Each structure stands twice: as C-alpha cells, then as structure tokens.
Amino acid sequence: MAALTDLDRPLTEGLADALERVAAIHPECDLDNPGTPSATVAILRHTYGTLEHLVLADSPIVLDGPEGHTVISDLRVDDVLPELRAEVESHQTHTSGHREALQRLVLAQRQVRNTPEGYWVAASRPEAAHHALTGTTSLTGIHSAAVMSDGVSRLVTEYETATWADVFATLQAGGPRELIENVRKTEATDPTGIRWPRYKSGDDATVAYCRW
C-alpha cells in the first residue's frame, strides 16, 4: 500500500517494489523454489479523475458504468496446461482421483509459473509486476466498482447463477459479506463439483466494493 501512495508512480513499479520488499524479509527461504508462495493481484487506484487498474492472474476488477459492466481480468493461466486442467475437472472433488490429478496440475504449473512460456503471478520475482495487465478508465459515469477473487466472480462466470447486475445489487444492499454468503450457498448445492467442476470446494472468496 505504501508503494502505491505516490500517485505519479506507475502501479507496476509499486507492485515490483512491494514484491522485492517482501522477498527481502525472508532471506532464510529458498525463493527460487518453484513452490514459492504466490498470489494473484488486482489493484484499482483513483488518480486525478481516472481509475487506474492492474491485474495479475485471475482476480478480476468489475466496473459499473454507463454502458453496463466492464470486467478486467487476466486469464492467461487458462491457456496453460489445458489437458491437465480438464483432467482435474473430470473428477468429483473430495475423491482420490481429483486429488491426484490436482497434484499433477499444480506440479506442472510450478514449472511454467513466471516464465515466458507460462503465466505470471506475484511471487518472489519483482519483474512479474511488469507482466501485469494495466490501463485507465475515466471516472465519468462510473457508479461503483468491485475488486474480487475468482472465488467470488465464478458466481457469474462459471456457476452462471447471477449476473453482474445481481452482484452489484447484492453489494449495494448487503455488502461483501452477503455476496460471499451467496457464493457459499450456491456451492453447497453442488458439494462434489458434479454440476460445476472445480479444483476444490470453498475456494478463497474476497471482495472489496467502492461507490462514487
């Protein structure tokens, strides 16, 4: 957060600085290990009448504007190892077949994570920040915005049990807590992933909501 307070500094530079700082406070860790902890990043910053965005991996930003809803997301990971992803989704969750297929996928993803042949996420290498998708949007006509994990956005994109208009109506009426509860209620109707194949039940669900 501190790295982003300078509004004239690009978001990519701020994120790169943050990644470098985090890595520096873990000198005892093997940060070159392919299994080094990593995370998606979604940043929305209000700057001089515009909204700047940065997304790295699959946590989307959704803008509620005059022409409807604009979704900003980085889905490059979906193009990596599609056969292994399909194998995982062919099994019901909480089964040995699902666990084994997921392990194969995770191990294979680690080999191409943060490489030109694979996809980019926030981990120990600050240069990953410069592979993020960035841009700006005029604040004119933007009513509200939501920054969320894919564990929330799948209510629209994968489960298709809600529209973005529904999502924003829920956020306005009940806030992020109610929206996350809706995700959990939906997932509870398909606990083993028969209707909606997925990596695991109960993926992380986070959302931040802002209105103007």
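Computed from a predicted model, the values in this text were never measured in an experiment.
By the criterion of side-chain heavy atoms lying less than 4.5 angstrom apart, applied directly or through intervening Ile, Leu, Val, Met, Phe, Trp or Tyr residues, Leu139 is grouped together with Leu63 in one hydrophobic cluster. One hydrophobic cluster, built from ILVMFWY side chains closer than 4.5 Å, cannot hold both Ile142 and Val62; they sit in different ones. Hydrophobic clustering (ILVMFWY, side-chain heavy atoms < 4.5 Å, transitive): Ile43 and Leu19 are in one cluster. Note: the hydrophobic cluster containing Leu11 does not contain Leu44 (ILVMFWY, side chain heavy atoms under 4.5 Å, direct or indirect links). Under a hydrophobic-cluster definition in which Ile, Leu, Val, Met, Phe, Trp and Tyr are linked whenever side-chain heavy atoms come within less than 4.5 Å, directly or via other members, Leu133 and Val147 are assigned to the same cluster.
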Side-chain donor-acceptor pairs under 3.5 Å in residues 49-61, sequence neighbours left out?
unit_1 : atom_1 : unit_2 : atom_2 : d
Thr50  : OG1    : Thr47  : O      : 2.7
Glu52  : OE1    : Arg45  : NH2    : 3.4
Glu52  : OE2    : Arg45  : NE     : 3.1
Glu52  : OE2    : Arg45  : NH2    : 3.1
Glu52  : OE2    : Thr47  : OG1    : 2.6
His53  : ND1    : Gly135 : O      : 3.4
His53  : NE2    : Gly135 : N      : 3.3
Ser59  : OG     : Thr40  : OG1    : 2.6

Listing, residues 65-72 side-chain donor-acceptor contacts under 3.5 Å, not counting sequence neighbours, or none:
unit_1 : atom_1 : unit_2 : atom_2 : d
His69  : NE2    : Asp64  : OD1    : 3.4

Anything under 3.5 Å between a donor and an acceptor, one on a side chain of residues 161-171, the other on a protein residue two or more places apart or in another chain? List them.
unit_1 : atom_1 : unit_2 : atom_2 : d
Thr163 : OG1    : Ala165 : N      : 3.4
Thr163 : OG1    : Asp166 : N      : 3.1
Thr163 : OG1    : Asp166 : OD2    : 3.1
Asp166 : OD2    : Thr163 : N      : 2.9
Thr170 : OG1    : Asp166 : O      : 3.0

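Ion pairing between Glu89 and Arg198 fails under the 4.0 Å rule for side-chain N and carboxylate O. Using a cut-off of 4.0 Å between Lys/Arg side-chain N and Asp/Glu carboxylate O, Arg184 and Glu187 are scored as salt-bridged.
A distance of 10.5 Å separates CG in Leu155 from CD in Glu160, rounded to the nearest 0.5 Å. Note that CZ of Arg211 is 4.0 Å distant from CD of Gln172, once rounded to the nearest 0.5 Å. Within the model, atoms CG of Leu4 and CZ of Arg9 stand 8.5 Å from one another, a figure rounded to the nearest 0.5 Å. Atom CE in Met148 sits 15.0 Å away from atom CG in Asp204 (nearest 0.5 Å). Within the model, atoms OG1 of Thr189 and OH of Tyr159 stand 9.0 Å from one another, a figure rounded to the nearest 0.5 Å. Separation of atoms OG (Ser144) and CH2 (Trp212) is listed at 7.5 Å; rounding is to 0.5 Å.
Between Val121 and Ala39 the shortest heavy-atom distance is CB-O, 3.7 Å.
Shown here is Arg177, whose CZ atom has no more than 12 heavy atoms of other residues, nucleotides or ligands within 6.0 Å.
Side-chain N or O atoms of Arg154 include one that pairs as donor or acceptor with a backbone N or O of Asp150 at under 3.5 Å. Distance alone, capped at 3.5 Å, places no donor-acceptor pair between the Arg104 side chain and the Leu84 backbone. Under the 3.5 Å distance criterion, the side-chain polar atoms of Asp74 are matched with a main-chain donor or acceptor of Arg76. When atom types are taken as modelled, the side chain of Ser138 and the backbone of Thr140 share a donor-acceptor pair closer than 3.5 angstrom.
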Exercise for the section: Could you walk me through whether Glu87 and Leu105 pass side-chain contact (heavy atoms from CB on, under 4.5 Å), step by step? Expected result: CA-CA 9 Å; Glu87 182 184 0; Leu105 173 62; over 6 Å; no
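The stretch residues 21-31 participates, sequence neighbours left out, in these side chain to side chain donor-acceptor pair (under 3.5 Å) pairs: Asp17-Arg21.
Residues passing the side chain to side chain contact (heavy atoms under 4.5 Å, CB included) test with Pro37, sequence neighbours excluded: none. Here Val112 pairs with Val80, Thr115, Tyr119 under the side chain to side chain contact (heavy atoms under 4.5 Å, CB included) rule; sequence neighbours left out.
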